[in-house]
Amino acid sequence: MCGIIGITTGAAAVRADPGAASGDTFVDDASEHDGILGVLLEGLARLEYRGYDSAGLALVGMPDAGGLWRARAANGTRSLDDLVKRAADAPEGATAGIGHTRWATHGRPAEVNAHPHVDCSGRIGLIHNGIIENHVELADELIADGHHFESETDTEVLAHLVESALDTGRALGLADAVRSALGRVRGAFSLAVVHADEPDLIVAARRVSPLLMGVTGSAAFLASDVPAILGLTRDFFVLEDDQIAELRPGRLTVTAADGRQIEPARLHVDWDLEAARKDGYDEYMSKEMHEQPRAVADTLLDRVLPDGTLALDEVHITNEELRAVNKVFIVACGSSYHAGMMAKYAIEHWARLPVEIDIASEFRYRDPVLDPSTLVIGVSQSGETVDTFQAVREARRLGAKVLVISNVVDSSMAREADAVLYTRAGPEIGVASTKTHLAQIAALDILALYLAQARQTLSPADARALLRGMGEVPGKVAVALERSTDVEAVAGRYRDSPSFIFLGRQVGYPVALEGALKLKELSYLRAEGFPAGELKHGPIALVEPGTVVIGVATRTPIWEKMMGNVAEVKSRGATVVLVAGDGDEETARHADSVLWVPPTEHLFAPMVDVVPLQLFAYHLARLHGYDVDRPRNLAKVVTVE
Ligand code: AGP
């Protein structure tokens with residue numbers, strides 16, 4: 001998601017870490033701008049790989065400028081170039097500064113929404129990574145108290161909360177004010193704050209989102225990611241949840257939520273810059289698979305209200321209009337299409353609406369029958385895939401209501417739609433979709449529940465129970481990921497198989513298709529997914545002794561039928577690998593190998609059941625020596641028809 005960097009040196013100069021590896025050296029690279037500004041700009045450049053749409057920085061302590069100096073730019077991937085140009089006007093002599101790359105979640109990518117955000121006086125500057133869940137109610141309260149907001153972000157409430165704590169005397173200093181502000185907020189965050197009146201100080205805090213700090217000589221610095229400050233040090237301090245850090249030149253103090261001073265945890269990093277960008281994982285794909293619990297949790301965050309009902313503030317279609325919807329079309333490509341297939345089951349079951357699902361490249365050429373009571377849902381990680389974009393545009397032309405699920409805020413598709421529901425998976429670099437796929441399923445499930453709520457097809461008690469179940473999904477995904485080594489062993493057993501058949505029924509069917517797609521794109525092996533019940537209508541002719549068949553056999557309402565189909569391939573000599581719920585020995589008896597997953601309510605289960613199939617494809621590709629981040633012939637964003 002967003003990237004954070006900050007440094008305080010007081011009046012002293014910045015020095016590079018003498019132990020830095022060549023290529024990681026920091027300050028020497030910051031040729032155009034020296035000192036604090038140089039570190040901030042170089043650090044932000046090192047955060048670019050994460051993807052961003054705007055950037056900004058704030059400086060304090062300049063003797064001739066007074067106050068706080070801020071520069072921001074929102075020009076997509078050229079934002080940093082623009083920021084460097086604006087930094088030419090920065091006053092000399094800053095003693096501390098903070099910088100930020102933004103990947104929009106709340107509020108479109110625009111300069112007014114770029115960080116740092118400031119309070120009413122413009123003397124407090126704040127950068128933030130994460131989501132403030134209760135920002136609307138806090139902003140209402142602050143506005144009633146006379147605060148003036150300039151952005152559409154959730155972040156800005158933090159700057160005003162800090163200001164309010166100081167102005168009302170509830171806090172004695174900046175750290176105290178940050179503590180007071182954080183006592184009011186729900187959500188996930190890491191943040192850094194500067195104040196023109198305390199120009200050597202940076203206050204930082206975190207809950208869920210990571211934050212690292214370092215101290216060398218007369219400098220103290222912080223960042224959301226190791227690469228941003230690698231080269232200034234290799235020895236980091238790690239801020240834990242609800243701790244507050246005060247960084248002063250050459251000094252770091254960390255206190256717990258109750259104000260007690262504590263010794264922060266340490267981390268020594270031997271990685272080079274490239275390894276640091278992957279967070280110590282061997283590839284981006286591996287890193288991104290391990291970010292899946294977070295991606296799902298963030299996508300759910302602040303959309304489930306404390307009373308168990310749903311609020312989707314990006315959906316600008318009224319409940320009345322939703323009640324008037326009589327048919328849903330879902331259009332998407334690749335993994336996004338599979339997420340859409342899973343949603344068909346959820347929407348039909350919970351919201352009792354008929355759903356058609358279309359491959360986007362086919363949709364507009366088949367003369368679809370749409371009218372204003374049709375809801376067309378476009379699903380796309382990038383929001384730029386031309387096939388889906390054209391399908392969405394065609395749907396609008398034909399008068400349908402269009403809702404887009406996108407991972408990129410303000411993408412072309414988001415701009416084309418009547419309403420948008422953003423997944424919050426953060427930028428995905430690996431070509432194979434993993435965390436964005438899970439986040440799409442989560443978003444579509446929330447949408448299905450939202451439709452059910454608007455159409456009153458689910459009782460509030462049932463909806464609450466389902467939401468509770470959905471809240472457990474990130475933890476179950478994490479457990480499935482912990483079993484990577486077991487999956488690697490299973491993949492090793494079948495490394496010489498030239499082809500694979502994937503089977504599933506009901507929601508297990510799109511999971512099987514996604515497993516086959518992952519295997520095809522990463523391992524370049526023939527892998528076909530089928531609805532298991534369709535086998536005997538043709539595909540079973542492919543099965544011969546030794547054919548490897550991978551079945552999704554977790555407990556759906558038609559598990560018994562699925563097992564009947566497994567028996568059909570087994571009796572023809574297939575080698576059977578089954579995805580099964582923990583402890584389900586009855587399923588395991590039919591398998592040569594089992595990929596265990598925590599049992600999950602069957603309409604949420606695709607998010608958990610697909611994980612071992614991602615891991616299987618990943619490990620098999622590695623065993624074959626392939627580059628999992630950049631599979632051959634594939635592009636991350638497909639902008640040609
Ligand atoms: C899957 O691993 C691929 N990256 C691909 O199928 C992808 O899902 C498809 O190209 C759609 O992309 P989108 O979600 O950005 O529209």
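We count ligands from 1, going down the list as the structure has it; atoms in each ligand are counted the same way. Since the model is a prediction, treat every value here as computed from it, not as a measurement. Keep in mind that the numbers below use all heavy atoms, side chains included, and drop hydrogens, waters and symmetry copies.
Of the N or O atoms in T388, none lie within a sub-3.5 Å distance of an N or O in ligand 1. Residue Q381 has at least one N or O atom closer than 3.5 Å to an N or O atom of ligand 1.
Of the protein's non-hydrogen atoms, the one nearest atom 2 (O) of ligand 1 is E521 OE2, 2.5 Å. Remark: minimum distance from atom 8 (O) of ligand 1 to any protein heavy atom is reached at S335 N, 3.1 Å. Looking only at protein heavy atoms, the nearest one to atom 15 (O) of ligand 1 is S382 OG, 2.7 Å. Here the protein heavy atom with the shortest distance to atom 10 (O) of ligand 1 is V638 CG2, 4.1 Å. Summary of contacts: the protein heavy atom closest to atom 6 (O) of ligand 1 is G334 CA, 3.2 Å. Here the heavy atom of the protein found nearest to atom 9 (C) of ligand 1 is C333 O, 3.7 Å.
Remark: ligand 1 atoms within the under-4.0 Å shell around heavy atoms of S336 are 8 (O), 13 (P), 14 (O). Of all atoms in ligand 1, listed by their number and element, those nearer than 4.0 Å to a heavy atom of T385 are 12 (O), 13 (P), 15 (O), 16 (O). Numbered from 1 in the order shown, with element, the atoms of ligand 1 that lie under 4.0 Å from a heavy atom of A432 read 2 (O).
Note on ring orientation: taking the six-membered ring where Trp is involved, the planes of H115 and H128 are parallel (angle under 30°, cut-offs 30° and 60°). Taking the six-membered ring where the residue is Trp, H349 and H602 present perpendicular rings, their angle passing 60° and hence far from 30°. A parallel orientation is assigned to the rings of H290 and Y281, their planes being inclined by less than 30° (bins at 30° and 60°). The aromatic rings of Y626 and H624 sit parallel to each other, their planes meeting at less than 30°, with 60° as the upper class boundary.
Heavy atoms of K518 found under 4.0 angstrom from ligand 1 belong exclusively to the side chain. Using a 4.0 Å cut-off between heavy atoms, H437 makes no contact with ligand 1 at all. Only the backbone of V431 comes within 4.0 Å of ligand 1, counting heavy atoms alone; no side-chain atom from C-beta on gets that close.
Remark: the backbone N or O of A228 is not paired with any side-chain donor or acceptor of D225 at under 3.5 angstrom.
Shown are N565, L542, I540; of these, the side chain to side chain contact (heavy atoms under 4.5 Å, CB included) with F530 is made only by L542.
Residues S209 and N129 bring no donor and acceptor atom of their side chains to less than 3.5 Å of each other.
In this structure, R526 places its CZ atom where only 12 or fewer heavy-atom neighbours from other residues, nucleotides or ligands lie under 6.0 Å away.
For R632 and Y524, the positive end sits near the middle of the six-membered ring, less than 6.0 Å away and at most 45° from its axis.
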